[in-house]
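Chain identifiers are assigned alphabetically (A, B, ...) following the order of the sequence lines, protein sequences preceding nucleic acid strands; residue numbering begins at 1 within each chain.
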Amino acid sequence: DTGVSQDPRHKITKRGQNVTFRCDPISEHNRLYWYRQTLGQGPEFLTYFQNEAQLEKSRLLSDRFSAERPKGSFSTLEIQRTEQGDSAMYLCASSPSDMEAFFGQGTRLTVV
Amino acid sequence: AQKVTQAQTEISVVEKEDVTLDCVYETRDTTYYLFWYKQPPSGELVFLIRRNSFDEQNEISGRYSWNFQKSTSSFNFTITASQVVDSAVYFCALSEPFSGTYKYIFGTGTRLKVLA
């Protein structure tokens with residue numbers, strides 16, 4: 001597999017439930033990013049990992065959101081107590097050093 | 001503040017027409033990178049090109065060409081002889097290395113519809 005993989009592709013959840021998304025970056029890419037994209041908008045930065053260290057978080061990432069990248073490989077993004085406003089496409093991307101980022105197909109979250 | 005503006009929300013052309021997608025950016029830094037990505041209905045953002053701020057040479061790749069002009073802070077994208085498969089949303093993005101994250105600031109995208 002040579003691309004960024006995200007799981008699940010779609011998630012429908014009830015308001016108030018917790019959800020977790022997984023991202024498997026391209027092997028040996030030390031940089032990993034999470035973005036959120038709402039309908040008709042461009043992706044917005046959420047957080048950045050360099051290897052296992054989370055080095056930057058956007059103010060969009062409220063305290064209900066948490067991300068991890070144990071051992072600097074795959075990453076998870078958890079949303080607790082989901083709200084309807086969390087409905088969006090969550091995109092993961094990885095890159096080596098300062099080169100262009102490669103994106104996964106995203107996880108589309110619908111909160112009902 | 002950093003900002004990317006794609007004023008064209010949607011463009012429709014007939015197959016074989018040429019089309020230009022506009023991108024205007026704002027940044028305080030002298031070192032930055034500009035990108036174009038294509039987002040087909042499947043959702044995955046597909047990398048098209050990266051340009052650094054010190055390289056103003058225009059680039060051509062097949063039917064695609066890019067015009068980078070620092071004087072007007074623009075990085076426009078032209079598709080020559082458009083095809084139906086070019087239908088997608090196209091995003092322009094800005095990245096600045098000063099923070100070390102190289103995170104992207106995206107425009108709102110331009111939806112291109114190529115009609116057969």
Taking atom [atom1] as the centre, does [X] end up with more than 12 heavy-atom neighbours from other residues, nucleotides or ligands that are less than 6.0 angstrom away?
| X | atom1 | answer |
| --- | --- | --- |
| B:Glu10 | CD | yes |
| A:Ile12 | CD1 | no |
| B:Arg51 | CZ | yes |
| B:Lys16 | NZ | no |
| A:Glu68 | CD | no |
| B:Lys38 | NZ | yes |

Point-to-point distance, once rounded to the nearest 0.5 Å, from [atom1] of [X] to [atom2] of [Y]:
| X | Y | atom1 | atom2 | value |
| --- | --- | --- | --- | --- |
| A:Tyr48 | B:Tyr104 | OH | OH | 12.0 Å |
| B:Thr101 | A:Gln50 | OG1 | CD | 10.0 Å |
| A:Glu100 | B:Leu45 | CD | CG | 13.5 Å |
| B:Ser95 | A:Met99 | OG | CE | 11.5 Å |

* **Heavy-atom side-chain contact between B:Lys103 and A:Tyr35 under 4.5 Å** =>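 A side-chain contact under 4.5 Å exists here.
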* **Side-chain heavy atoms of A:Tyr33 within contact of B:Tyr102, under 4.5 Å** =>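 A:Tyr33 reaches B:Tyr102 side chain to side chain.
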* For chain B, the option from A:Arg31, A:Glu44, A:Met89 that forms the most heavy-atom pairs under 4.5 Å ->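 Most heavy-atom pairs under 4.5 Å with chain B: A:Arg31.
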* Among A:Ser58, A:Ala101, A:Gly106, A:Pro43, residue most engaged with chain B (heavy-atom pairs, under 4.5 Å) ->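 Ranked by contacts with chain B, first place is A:Pro43.
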Taking a hydrophobic cluster as the set of Ile, Leu, Val, Met, Phe, Trp and Tyr residues connected by side-chain heavy atoms closer than 4.5 Å, whether directly or through intermediates, do [X] and [Y] fall within one such cluster?
| X | Y | result |
| --- | --- | --- |
| B:Ile11 | B:Val89 | no |
| B:Ile79 | B:Leu48 | yes |
| A:Leu77 | A:Phe74 | no |
| A:Val19 | A:Val111 | yes |
| B:Tyr32 | B:Trp36 | yes |

* Stepwise, does the ring pair (Phe, Tyr, Trp, His ring centres under 6.0 Å) test hold for A:Phe45 with B:Phe106? -> CA-CA 9 Å; A:Phe45 169 78; B:Phe106 284 91; over 10 Å; no
Which bit of [X] comes within less than 4.5 Å of chain B, counting heavy atoms only: side chain, backbone, both or neither?
| X | result |
| --- | --- |
| A:Phe49 | neither |
| A:Arg108 | neither |
| A:Ala93 | neither |
| A:Gln41 | both |
| A:Gln37 | side chain |

* Asked: What about the rings of B:Tyr37 and A:Phe103, do their centers lie closer together than 6.0 Å?
  ->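 Close enough - the centres of the two rings lie under 6.0 Å apart.
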* Asked: Given a strict heavy-atom distance threshold of 4.5 Å, which part of B:Gln6 is in contact with chain A: side chain, backbone, both, or neither?
  ->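 For B:Gln6, neither part sits under 4.5 Å from chain A.
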* Minimum heavy-atom distance between A:Arg9 and B:Ser42, given as atom pair plus value ->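 Nearest heavy atoms, A:Arg9 then B:Ser42: NH2-O, 3.4 Å.
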